[in-house]
Amino acid sequence: MSNWWTDSKEVPFESTKDNTMRGRFEVANITGLPVGVGRNVSEFSHFYCEYVKRVRKEVAKYPGRHELIEIDIEDPTVGRQMEEAFGVNRTCWGHSNTGNHNDKVPAEELQ
């Protein structure tokens, strides 16, 4: 999560106040992530885990109608997993647009 969190402040969007993906999350009133919450990796991780639980619960309500495929995009075998799940060649999956963060999140963003 910390890699994605760090990268999200570098993904630009023209229409947001601070011009980043993270900025959009901070001002969007998303269920479980009210405006102003999610400004550090701890808050955002909590939101994301609760979101995953809600999705799993919804999918479980409709057995046979929905299939939930969960893939860890940080896993080095993600290309193979995506190919097996979706039939898209594994070479189409990989890391791009990665930040130069060296897996470090500033201490104030961990709170």
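In this chain, numbering begins with 1 at the start of the sequence shown.
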**Asked** Does a side-chain N-to-carboxylate-O contact under 4.0 Å join Arg80 and Glu84?
**Response**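 Salt bridge: yes.
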**Request:** State, with a plain yes or no, whether a side-chain heavy atom of Ile30 is found less than 4.5 Å away from one of Tyr51.
**Result:** no
**Message:** Taking Val35 as the starting point, is it possible to reach Phe47 by hopping between hydrophobic residues whose side chains are less than 4.5 Å apart?
**Reply:**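 No, no single cluster joins them.
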**Message:** Run the ring pair (Phe, Tyr, Trp, His ring centres under 6.0 Å) test against His66 and tell me which residues pass, sequence neighbours left out.
**Reply:** Tyr62
**Asked** Taking only residues two or more places apart in sequence or in another chain, which ones pass side-chain hydrogen bond (donor to acceptor under 3.5 Å, both in side chains) with Thr31?
**Response**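 Expected list: none.
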**Message:** Restricting to side-chain hydrogen bond (donor to acceptor under 3.5 Å, both in side chains), what partner residues turn up for Glu70, sequence neighbours left out?
**Reply:** Arg56
**Approximate separation, where rounding is to 0.5 Å, of Asp72 CG and Gln81 CD** =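 It is 7.5 Å, given to the nearest 0.5 Å.
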**Request:** Nearest 0.5 Å please: distance from the CE atom of Met82 over to the CD1 atom of Ile69.
**Result:** 9.0 Å
**Asked** Within the distance-only criterion (no hydrogens, no angle test), does the side chain of Asn40 pair as donor or acceptor with the backbone N or O of Glu43 below 3.5 angstrom?
**Response**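 Yes; at least one donor-acceptor contact below 3.5 Å.
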